[in-house]
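Please read the structure below before turning to the comments.
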Amino acid sequence: MFHYWFLSSCKSISYGSRVKFHTRMDLNQKRARSVDPDLVSPESTTSPFPDEVLEPVLSLIDSHKDRSSVSLVCKDWYHAERWSRRHVFIGNCYSVSPEIVAGRFPKIRSVTLKGKPRFSDFNLVPEDWGADVYPWLSVLAKAYPFLEELRLKRMAVSDDSLRFLATNFHEFKALSLLSCDGFSTDGLKAIATHCKNLTELDIQENGIDDIGGDWLSCFPESLTSLQVLNFASLNSEVSFNALEKLVARCKSLRVLKVNRNINLDQLQKLLLRAPQLTELGTGTFTQDLVTRPVADLETTFGYCKNLLTLSGLWDSNSLYLPVINPACASLTFLNLSCATLLSFELTMLLMNCKSLRRLWVLDTVGDRGLEAVGSWCPLLEELRVFPADPFEQEEVAGVTESGLVSVSRGCPNLHYVLYFCHQMTNAAVATVVQNCPGFTHFRLCIMNPGQPDYQTNEPMDEAFGAVVRTCPKLQRLAVSGLLTDLTFEYIGKYAKNLEILSVAFAGSSDLGLKYVLGGCPRLRKLEIRDCPFGNAALLSGLTKYESMRSLWMSACNLTMNGCRVLAKEMPRLNVEVMKDEDSEDSQAHKVYIYRTVAGPRRDAPPFVLTL
Amino acid sequence: MSVPLEHDYIGLSDASSSSEPLNNISSDNVSTNVFNLKATELSLGLPGFAKSSDENATKLGHVIKNYMSGAKRGFCDVNGSGKWGLNGGSEAGLCKEINGGFEKKQSQQLISSSDVKLGEKDKKSHAGESGNVPPSAKAQVVGWPPIRSFRKNTMATNMSKSGGDMAEGNSGSGGCLYVKVSMDGAPYLRKIDLKIYHNYAELSKALEKMFSCFTLGQCSSKGIKGQERFTESNLKDLLHGSECVLTYEDKDGDWMLVGDVPWEMFIDSCKRLRIMKGSEAIGLAPRSTDKCKNRN
């Protein structure tokens with residue numbers, strides 16, 4: 001992973017200081033004068049690629065990994081790259097400061113910023129932890145007044161921040177908020193009101209204070225540029241009148257995802273206005289009073305020839321679901337994770353979905369439903385099965401190992417799976433990966449912590465052993481069930497391309513973590529909870545953490561002293577311990593470790609100690 | 001090792017997880033118990049359901065295993081006393097889905113409630129084998145299973161809206177809280193889930209919307225749902241906002257004005273709602289809907 005951070009501190013501290021030196025240089029000077037024995041290339045003074053050629057060529061490179069590689073070639077390329085970069089991706093907002101970013105990249109139009117550790121999605125990170133976007137916005141406003149796009153994930157975003165954004169960036173076009181919190185619909189009002197060139201407003205799965213207030217009506221009549229509008233996760237009603245008019249005048253609208261309050265009749269009207277949609281998220285998909293024939297809606301879906309993605313479908317049932325049939329044949333992504341479908345309902349639907357590449361469902365469809373997936377969707381690449389009732393104390397019907405096996409049999413291209421189930425066997429997992437050796441993402445959640453193979457009563461070690469042995473391209477792995485250190489031995493030994501690993505309620509001793517830290521050369525993100533890993537294991541990875549984005553360990557056996565040792569040995573890491581009232585003073589209950597060039601956080605709340 | 005699939009010949013809803021046959025269940029492995037939430041059927045059966053060795057067992061009915069195992073005795077006691085006066089001396093094996101155990105108060109509803117179902121066929125009852133380690137001992141762990149809050153909330157409302165109507169007035173189960181809503185003069189009642197609202201304002205709005213087809217110009221989305229069975233004169237007779245009073249029946253059976261108590265207390269004690277109109281409403285506190293809206 002060679003993104004921005006890596007550049008700053010790879011190889012040696014001296015390189016880091018060179019970076020700083022460059023950022024203070026007059027930005028007009030594109031060629032560095034200092035001679036650097038590490039990086040000088042023979043062509044540095046007589047480059048066959050003058051800037052006028054290099055920059056346009058480099059501007060065609062989008063991937064930030066590639067760009068980081070480019071910037072390492074030589075000084076010329078470093079400068080050409082930084083001048084031509086338009087989009088910067090910052091995977092951890094605390095790994096770098098906004099000033100450093102602004103100093104290095106003068107012409108950014110698009111920023112992607114990620115904040116809190118992923119486990120904050122599951123309430124493991126206290127509120128007010130940080131990741132406030134405001135400090136970034138104030139720097140960005142000065143450095144990039146023409147910023148067009150901002151994509152935030154797990155950041156704290158206040159209404160004030162949204163107002164600031166709306167009023168300080170006059171070319172602002174695209175806002176995407178995923179899993180953020182701290183704002184309300186008032187903030188959205190500001191965006192709708194002030195962003196005259198808005199093309200994208202994508203609000204997903206946030207902790208939003210939905211106080212209604214008709215934010216959607218704040219889009220001016222003159223706004224016709226909208227291409228993406230996603231407010232599916234908002235609870236309050238919007239004015240349908242305003243929405244219909246907005247959809248009607250935005251001829252380039254290609255993504256529309258409404259919330260549950262929009263009913264079928266309203267959906268019908270919207271679709272008539274926007275048959276060009278490529279992605280549609282419906283509202284509630286049932287109604288008590290049949291006020292217009294179902295056939296009308298079905299016909300309307302037939303007009304939407306470009307539809308590739310369908311989601312929403314709340315409350316759908318066999319009465320109304322068939323209306324989407326005309327659109328099914330061309331669908332590539334079907335998100336049924338809000339629809340409690342039964343197996344026969346899913347089967348009837350999937351019979352028409354022969355082009356499907358990605359499918360998200362609830363486990364109400366059961367193993368029978370998954371059989372249908374295997375039967376009807378041979379091109380499937382991604383499957384996510386969410387539990388309809390995850391917190392039900394009792395074992396309830398859901399999916400089992402056989403459902404997953406059925407899918408793997410029918411879908412050889414399957415490479416991404418997220419599977420919540422109540423039972424699994426080693427044999428089944430082995431079969432699955434044998435059928436689909438191309439897995440890149442294998443996320444298995446056996447919902448009862450520490451549960452063994454239900455047939456043999458053995459740990460699930462062999463299951464994940466099979467995964468890492470059989471799938472050389474594996475990038476992301478989430479393990480569950482009863483696991484001993486053996487699982488981690490397998491992972492460390494075989495998972496050469498693994499980048500993200502999630503572990504919970506697993507392992508027997510320090511050895512487990514040591515195996516992983518000793519192997520997995522490409523590991524970037526490691527998140528661990530409730531495992532018996534202690535200081536010795538933590539410290540065994542001393543040299544590894546700088547090559548990773550972050551490490552999270554909670555409810556393990558770490559102590560403050562262990563963390564202090566780590567912090568002392570590795571000054572370029574931030575070792576943060578979150579204290580909570582329950583744990584003793586010597587225990588390090590929640591530890592978050594990440595590399596940074598920005599030093600310790602200046603905005604850490606009182607319960608976060610940076611050692 | 002292939003797992004033979006069981007087919008639900010009855011054609012009842014998802015017998016999805018019936019795939020693993022009973023053979024595979026080891027007696028000390030409680031994790032194999034899967035019950036079908038969706039397929040429910042009312043029937044009588046013996047209490048202390050026979051341990052099923054029936055190969056064709058289809059999982060019908062939602063049974064909270066621990067209740068069965070733990071509360072079985074309670075049933076026997078209750079039924080044995082003959083209080084219920086059932087014919088044929090067959091003991092009712094009805095179980096009500098209650099969180100955390102029986103409530104005597106509601107036992108009266110056990111027989112009459114049609115919301116509570118049992119499988120007719122032999123179920124995979126692990127009452128015997130499971131008596132030991134109840135999975136409910138797995139207390140809810142923070143952040144587990146790893147599902148985002150957004151999805152959790154969607155599920156909660158989904159579960160309440162789909163299939164399973166919980167027992168009437170049951171506030172025990174965390175997922176939903178259905179109460180009947182009646183409106184004077186309306187031809188039919190509605191049912192809403194109080195748990196999906198967070199304050200009186202939301203409730204008031206939702207009710208407005210729901211009953212908009214019966215009132216005149218109350219709601220902007222009225223036109224959609226209009227089955228305009230009401231004549232003009234009816235509509236005029238119906239109240240405008242200021243003469244409409246929202247009341248609820250609380251646990252004690254008294255009719256109270258909505259909006260007096262904090263929201264949490266309200267949803268705890270509310271059994272049903274009634275939108276009062278017309279002369280009955282006069283004399284009650286006016287502007288009650290305003291009051292509702294003011295409270296947050």
Side-chain angles (χ1 to χ4, degrees), chain A residues 119 121-124 179 205-207 233 237 239-241 263 265-266 287 289 291 314-315 337-340 342-343 362-369 386-391 393-403 420 422-423 425 427 445 447-449 451 454-455 457 502 504 529-530, chain B residues 1-3 5 8 13-20 24-26 29-38 59 62-66 99 135-136 138 140-152 154-155 157-159 161-163 174-175 201-202 205 209 213 220-221 224-227:
Chain A
F119 277 175
D121 283 348
F122 318 126
N123 301 328
L124 287 181
S179 218
E205 301 188 19
N206 300 288
S233 58
E237 274 193 48
S239 152
F240 178 70
N241 200 23
N263 62 39
D265 288 348
Q266 291 168 329
Q287 54 191 33
L289 306 174
T291 56
W314 279 281
D315 320 306
S337 60
C338 297
T340 48
L342 304 175
S343 65
L362 288 179
D363 65 356
T364 51
V365 303
D367 288 334
R368 288 259 293 280
F386 296 97
D389 218 348
F391 304 108
Q393 293 287 9
E394 183 50 47
E395 305 288 347
V396 295
V399 293
T400 72
E401 76 281 4
S402 78
F420 285 85
H422 286 286
Q423 65 186 50
T425 66
C445 180
M447 287 191 270
N448 194 8
Q451 181 171 299
Y454 82 94
Q455 283 181 354
N457 245 349
S502 308
R529 61 166 292 183
D530 294 273
Chain B
M1 161 175 170
S2 68
V3 175
L5 298 173
D8 182 0
S13 55
D14 227 357
S16 55
S17 333
S18 55
S19 53
E20 84 289 356
N24 288 332
I25 298 157
S26 56
N29 190 336
V30 298
S31 59
T32 57
N33 303 317
V34 284
F35 291 101
N36 192 335
L37 260 184
K38 295 265 187 248
K59 278 169 283 300
H62 179 71
V63 176
I64 299 182
K65 177 175 47 136
N66 297 306
N99 242 359
S136 68
K138 68 182 177 208
Q140 280 200 19
V141 181
V142 174
W144 190 264
I147 313 246
R148 284 192 181 153
S149 324
F150 160 69
R151 199 166 286 288
K152 267 191 275 179
T154 305
M155 307 295 192
T157 49
N158 264 344
M159 287 315 291
K161 281 183 151 69
S162 68
E202 283 183 24
K205 258 186 128 177
K209 186 179 172 193
C213 54
S220 60
S221 59
I224 312 298
K225 285 210 178 198
Q227 267 202 359

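If you're wondering where the values come from, they're calculated on a predicted model, not measured in any experiment. Order of the sequence lines fixes the chain letters, A, B, ..., with proteins taken first and strands second; residue numbering starts at 1 for each chain.
The side-chain contact (heavy atoms from CB on, under 4.5 Å) check on A/Asp530 picks up A/Phe505, A/Ala555, with sequence neighbours excluded.
Considering A/Phe122, A/Phe386, A/Phe420 as possible partners of B/Pro145, the one that fulfils the side-chain contact (heavy atoms from CB on, under 4.5 Å) test is A/Phe420.
For B/Val142 against A/Leu124, the heavy-atom pair with the smallest separation is CG1-CD2, 3.8 Å. Contact record, B/Val141 with A/Arg529: CG1-NH2, 3.2 Å, taken as the closest heavy-atom pair.
Neither the backbone nor the side chain of A/Ser239 comes within less than 4.5 Å of any heavy atom in chain B.
Judged by distance alone, with hydrogens and angles left aside, the side-chain atoms of B/Trp144 form a donor-acceptor pair with the main-chain N or O of A/Met447 at under 3.5 Å.
For the atom pair B/Arg151 CZ and A/Asp121 CG, the distance stands at 11.0 Å (nearest 0.5 Å).
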